[in-house]
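Down below is the structure, laid out as structure tokens.
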Amino acid sequence: MQTRAHVEASGHAPVPVRVVVLDHTAALGGAELSLLRLLDVAPPDIVAHVLLFASGRLSDALSERHVTTTVLPLTSRINETDRHSAGASHLQMVTQAVAVLPHVLRVARTLRRLNPDIVYTTSLKADLIGGLAAVLAGKPLVWHIHDRISPDYLPGPLVALLRSLASHLPRRVIVNSQATADTLPGVAAVIAYPGFSRDQVGPRPGERTPPNPPAVGLIGRISPTKGQREFVRAAAIVHDTIPEARFRIIGSAMFDQAPYEREVRDECARLGMEEFIEFTGFVDDPAAQLDALTVCVHASPTPEPFGQVIVEAMIRGVPVVATSGGGVDEIVAPDDDLLGWLARPSDPDSLASAIIEALTQPEEARRRAELAWEAAIRRFPVEETARVVSEVWRSVARGR
Ligand code: GLC
């Protein structure tokens with residue numbers, strides 16, 4: 001690999017690699033946050049231009065960073081279809097494909113005009129729409145997959161389509177965890193764990209002052225896939241043993257999940273927990289929220305592809321309780337070390353037991369959080385993500 005040191009020593013500038021990054025959404029989901037951090041530390045030979053199908057928080061964040069961005073709006077009806085209803089049946093898939101065809105052609109025209117060395121897609125809709133457009137424009141394609149391509153996570157026909165295209169359409173496939181790679185049989189995927197940036201790192205666990213009364217929080221958009229309902233049920237069980245504990249649901253509903261938020265609030269009321277569970281709404285600064293927690297909970301009932309918030313809690317020294325499955329096991333139990341507590345998914349009793357242990361064994365919680373802080377800082381710096389991803393970009397740009 002041509003490093004900066006080599007370039008400076010030899011006096012040659014590295015050959016730039018022009019990348020068009022394609023994402024369908026401008027909402028700041030996990031994949032978009034990880035993209036922003038990646039672009040912040042991309043090596044100097046990488047020249048990125050971002051092409052989005054909507055404007056929003058992501059396009060604002062990109063313009064603050066002076067990353068050149070084009071927005072080609074896709075009708076909101078298609079753009080806001082979530083991954084559970086997209087491709088729910090073969091007929092629906094065909095109808096959706098016909099409806100997006102004009103957009104594919106527009107994207108292909110824009111790609112020809114931008115004339116990048118590679119097209120890099122970072123969301124499932126961008127993989128499909130941008131993937132076809134890249135083929136039409138004759139540009140090599142790299143997929144970065146942040147979702148498990150599995151029937152417990154996506155509709156069956158969409159899984160079948162994505163799995164078969166993954167082996168043929170993109171030159172290379174990057175994934176966010178081994179767990180995601182395992183859902184793409186026969187594809188030689190490169191793992192690039194989403195990384196944290198230095199300014200996210202907080203004090204070591206021993207140096208922080210846990211809040212009093214104890215606070216247990218779940219951070220993430222409000223959605224059935226994040227398990228706020230299971231969290232509320234677990235909170236009611238914890239409350240019976242530790243009545244002074246307070247609970248926080250940090251985040252707001254996106255992508256049509258307002259009805260689910262209402263269900264979660266109703267469950268809170270039904271269990272008589274309204275007084276003890278706070279809903280903060282969307283927060284700009286998750287680090288400040290993490291600093292105010294005794295324990296950070298991840299409650300996804302279905303296996304999470306990665307789970308960045310767990311890493312964010314670890315690097316701020318906050319003990320973690322997480323439901324097992326997917327990328328979470330790679331973060332919390334690497335090489336059989338236990339860096340927090342793992343609970344059974346979709347099981348409020350198991351989640352509650354783990355929270356109670358973490359709250360009633362502060363020494364053990366601190367010991368695990370120390371190990372977690374060190375492991376996460378070593379394993380997940382965004383510079384490492386950028387190294388892996390840009391190496392794939394360079395090799396595809398050079399036709400390898
Ligand atoms: C998606 C996944 C999440 C992952 C993130 C970054 O949001 O659902 O598990 O942490 O992408 O890869």
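Heavy-atom basis, side chains included; hydrogens, waters and symmetry copies ignored. Numbers here are sequence positions counted from 1. As the structure lists them, so they are numbered: ligands from 1, and atoms in each ligand from 1.
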Next on the checklist: Can you name the atoms of ligand 1, numbered from 1 with element, that are less than 4.0 Å from a heavy atom of Gln308?
Outcome noted: 5 (C), 6 (C), 10 (O)
Checklist entry - Is any side-chain N of the basic residue among Arg379 and Glu384 closer than 4.0 Å to the acidic one's carboxylate O? => result no
Checklist entry - Are any of the N/O atoms in His146 less than 3.5 Å from those in ligand 1? => result yes
Next on the checklist: Under 3.5 Å between any N/O of Lys226 and any N/O of ligand 1: does that happen in this structure?
Outcome noted: no
Checklist entry - Quick one: does ligand 1 sit under 4.0 Å from the side chain of Pro194, the backbone, both or neither, non-hydrogen atoms only? => result side chain
Checklist entry - Which residue pairs satisfy the ring-ring contact (aromatic ring centres under 6.0 Å, His included) criterion with at least one member in residues 317-338, sequence neighbours excluded? => result none
Item to check | Glu261 bridged to Arg265 by N-O distance under 4.0 Å | outcome: yes
Checklist entry - Are any of the N or O atoms of Asn176 closer than 3.5 Å to those of ligand 1? => result yes
Item to check | Residue pairs fulfilling side chain to side chain donor-acceptor pair (under 3.5 Å) with at least one residue in residues 273-287, sequence neighbours excluded | outcome: Arg248-Glu278
Next on the checklist: Are Phe306 and His146 an aromatic pair, judged by ring center distance below 6.0 Å?
Outcome noted: no
Checklist entry - Where does Tyr153 meet ligand 1, judged by heavy-atom distances below 4.0 Å: at the side chain, the backbone, both, or neither? => result side chain
